Amino acid sequence: MSIQTVLEAKVKEAILSIFGAELTSVEFQPTRKDFEGDVTVVVFPMLRVVKGNPVQIGEQLGAFLKDAVDEVSDFNVVKGFLNLVLRDAFYVGFFNGIKEASNYGFVEERTADAVMVEYSSPNTNKPLHLGHIRNNLLGYSVAEILKASGKKVYKTQIINDRGIHICKSMVAWQRFGNDKTPENTGLKGDKLVGNYYVAFDKAYKVEIAKLVADGVDEKIAAKEAPILKEAQEMLIKWEAGDAEVTSLWKRMNAWVYEGFAITYKNMGVNFDKLYYESDTYLLGKDVVADGLRKGVFFKKEDGSVWIDLTDEGLDEKIVLRSDGTAVYMTQDIGTAIQRVNDYPDIKGMVYTVGNEQDYHFKVLFLILKKLGFSWAEHLHHLSYGMVDLPSGKMKSREGTVVDADDLMNDMTTTARELSEELGKLEEYSHEEKQELYKMVGMGALKYYILKVDPKKRILFNPEESVDFQGNTGPFIQYTYARIQSILRKANNAGVVLSRTIETSFKLHEKEKELIKQLQLFPETIQLAATNFSPALLANYVYDLVKEFNSFYQQVSILGETDEQKKALRVQLSQKVSEVIESGFKLLGINVPERM
RNA sequence: GGUGGCAUAGCUCAGCUGGAUAGAGCACCUGCCUUCUAAGCAGGCGGUCCUAGGUUCGAAUCCUAGUGCCAUCACCA
């Protein structure tokens, strides 16, 4: 039973016996550092049931608790705040209880409660950029956090591998490609294909300008440009299963997948199952037909199928075109159902998609509910803000993007330069150094992105590089490395790590603060899971690390002559490093032994 | 125009279900490496929490209205 549960029961008992009043709940908060105490009971809300002066009520309550609860050693009242001082024995006891636990803070998986997390979901016509990085890091991290909170998780994505935009890069490659391949150019496959997506747009604009110069109206020109016509014809051929088009499509997509695989590997993300739009885009149609019979949808005169959501405050939304072909919504309905068919233990799904699609997902979830699927009650759109540049929105077509591979390389380079300047790694081999630079560079990038509340938009200025000092990934990695160094030395010196600390032990202020911070880890994981927010975890780890560094500067660990003190300090350091490691693991960030 | 999101220090961000004097980092200024890694620590400077009302013992937080920025409202995805 937690101390808070004990205190809550006792506070209620006290109010009942002293004032004869019943409390439904008690408000606790950690005592602010400027006051003496550990836990604060807020007296104000009690005024609703107890008449009187809050300070006097606090005094009486404090006296009762000091008497009735072993852990409470003292108290003081400031205005309406009752600050309780807890005995060191309580903290020592807590620490003895967790220090040997291997997965502290993590909850055992409950398989009955599975959830599917979708993220990444790229188009196969261009390389991944900074926007995808945010998506990938968020989705991956949320999946790991959900796992740690006790859920079974399947990571997935839906690959947008068909449609007019894919045909555009295919047409451009046919026109301007001269049989260039990743093999004969040495270019990464997704980069090569992306170049033709840009080339298409360029040629398209030239053609429009030419038509306009010939006196054609601009709007008509935009529809009549030959290269666009060509792409549209190619899409029709693709849907008809034309052998030549299909073969080119498979070939170019394969190049892209090879490129993506490298990017994902460098980013450190992975998937349990892949879905392809080309496999699922037809599936939703049956469901729509079925829903039409049930009266969930209705058909307009031209044959198109719609759903009326005006009662829910939304509009009418199309779910099938008049020519019977699927729209985006149709495909998403089908994909959702397909997933539950494939994994019947799924109770819910999380879609990691940018906030520009808030409306789409609102509608999708509503449709699935109306179709009567029980799991539709547990769908969540993990909506995140865009990553914008100082110049505005990133646009692949116009080449104004921060490329994912380039950015990751830049980060590694910066980490190397910084590290070489400090020159602490003489004994490392070339390979070990490379691995470390990458770890630190990626740590900086990942932390930079994940520490921000997902729903806020990020302004990324490529001119000002991501920091490596202060509230950053490398700062936390550095603290971890420093602890590892202490642990190596402690091990050589024969410090006994398993030693149980006596409950009569008098804690140093900094030791107590560290234990308090460690206590918060399990609830932080749960909070991050229910809020789908890695930022909460990132900020927790930062606070823990700040607390540790302060402890590290103020007290001597290995230099301590009192054996029990030394043992506690080494044990504390070890536990802190374990929590840093597992907390960072949930953010997808690795930690180094040295740096 | 309708709908949704955001607005906190010069800059980038925290601030959990309303609680005590609004916190970090960067930048700028001071100190601290012959002692466990200075990518660190300690301190200083810096705030009309967008504006105006309201609810409350108490509002950065909740409600209403307004302002600004972003997104969205296609037989595009």
Side-chain angles (χ1 to χ4, degrees), chain A residues 27 29 31-32 34-35 40 42-45 47-48 54 78-81 83 121 123 160 162-166 277 300 302-306 313-315 317-325 327-329 331-332 354-360 362 383 385-386 388 392-393 415 418-419 421-422 424 440 444 448 451-453 455-461 464 466-479 481-490 493 520 523-524 527 531 535-536 538-539 542-543 545-546 549-560 569-570 573 594-595:
Chain A
E27 194 180 321
Q29 53 185 270
T31 304
R32 291 179 65 114
D34 334 305
F35 301 97
T40 296
V42 189
V43 181
F44 293 111
L47 297 177
R48 273 189 271 276
V78 181
K79 292 193 245 176
F81 300 92
N83 302 319
S121 306
N123 293 329
N160 301 301
R162 60 164 285 279
I164 188 78
H165 51 299
I166 309 297
E277 194 183 316
K300 287 196 176 175
D302 61 5
S304 58
V305 181
W306 296 72
L314 304 174
D315 301 320
K317 189 83 187 171
I318 190 162
V319 292
L320 206 61
R321 289 195 189 99
S322 54
D323 61 5
T325 56
V327 292
Y328 182 34
M329 192 62 76
Q331 165 220 313
D332 271 6
N355 63 11
E356 54 196 356
Q357 293 192 38
D358 285 355
Y359 186 73
H360 172 78
K362 214 182 253 182
S383 164
M386 296 288 104
D388 292 331
K393 204 173 172 176
L418 254 159
S419 181
E421 216 170 286
L422 295 168
K424 295 183 192 171
V440 174
Y448 173 81
K451 75 170 179 184
V452 181
D453 185 331
K455 64 175 181 284
K456 290 197 174 175
R457 93 190 178 112
I458 291 182
L459 189 69
F460 181 83
N461 188 348
E464 301 164 18
V466 177
D467 272 327
F468 283 68
Q469 270 155 14
N471 186 358
T472 67
F475 163 62
I476 292 165
Q477 289 172 318
Y478 172 73
T479 303
R482 213 152 60 162
I483 296 174
Q484 295 318 299
S485 168
I486 291 175
L487 295 179
R488 282 190 296 269
K489 287 182 176 156
L520 297 175
E523 58 194 83
T524 303
L527 200 64
N531 288 299
L536 295 175
N539 287 314
Y542 175 67
D543 289 339
V545 163
K546 279 224 53 114
N549 280 331
S550 178
F551 160 81
Y552 175 89
Q553 296 289 341
Q554 271 201 31
V555 306
S556 179
I557 299 170
L558 296 174
E560 175 57 53
R569 287 174 186 175
V570 174
S573 304
R594 301 167 205 272
M595 71 182 270

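Keep in mind it's a predicted model, so treat the numbers as computed, not measured. Naming: A, B, ... by sequence-line order, numbering from 1 per chain.
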- Message: Does B:rA39 have OP1 or OP2 under 4.0 Å away from a side-chain N or O of A:Y478?
- Response: yes
- Distance test, side-chain N/O of A:K79 to OP1/OP2 of B:rG58, below 4.0 Å: no
- For A:P54, answer base if it contacts any base atom (sugar-phosphate contacts may also be present), sugar-phosphate if it contacts only those atoms, and nothing otherwise; contact means non-hydrogen atoms under 4.0 Å. nothing
Aromatic ring of [X] stacked on base six-ring of [N], 5.5 Å, 30°:
X: A:F44; N: B:rG19; value: yes
X: A:Y542; N: B:rA24; value: no
X: A:F81; N: B:rA20; value: yes

- Report the residues that fulfil salt bridge (charged side-chain N to carboxylate O under 4.0 Å, His left out) with A:K455, sequence neighbours left out, ordered by chain and then residue number. A:D453
- Message: Restricting to salt bridge (charged side-chain N to carboxylate O under 4.0 Å, His left out), what partner residues turn up for A:D388, sequence neighbours left out?
- Response: A:R457
- Each base of RNA chain B marked ( ) or [ ] if paired in-strand (Watson-Crick or G-U under 3.5 Å), | if paired to another strand and . if unpaired gives (((((((..((((.....[...)))).(((((.......))))).....(((((..]....))))))))))))....
- For A:D332 and A:H360, does a side-chain donor sit closer than 3.5 Å to a side-chain acceptor? yes
- Item | Length of the CE-P vector between A:M329 and B:rC76, whole Å | 13 Å
- Task: Tell me, please, which residues at least two apart from A:D34 pass side-chain hydrogen bond (donor to acceptor under 3.5 Å, both in side chains).
- Result: none
- Query: What residues, two or more places apart in sequence or in another chain, satisfy side-chain contact (heavy atoms from CB on, under 4.5 Å) together with A:A538?
  - Reply: A:Y447, A:K451, A:L587
- Task: State whether the distance check finds a donor on one side and an acceptor on the other, under 3.5 Å, for side chain A:T40 versus base B:rA20.
- Result: yes
- Kindly indicate whether the side chain of A:N83 and the base of B:rA20 share any N or O donor-acceptor pair separated by less than 3.5 Å? yes
- Quick tally for nucleotides 1-17 of chain B: nucleotides whose base has a protein heavy atom under 4.0 Å get B, sugar-phosphate-only ones S, the rest -, giving -----SS-----SSS--
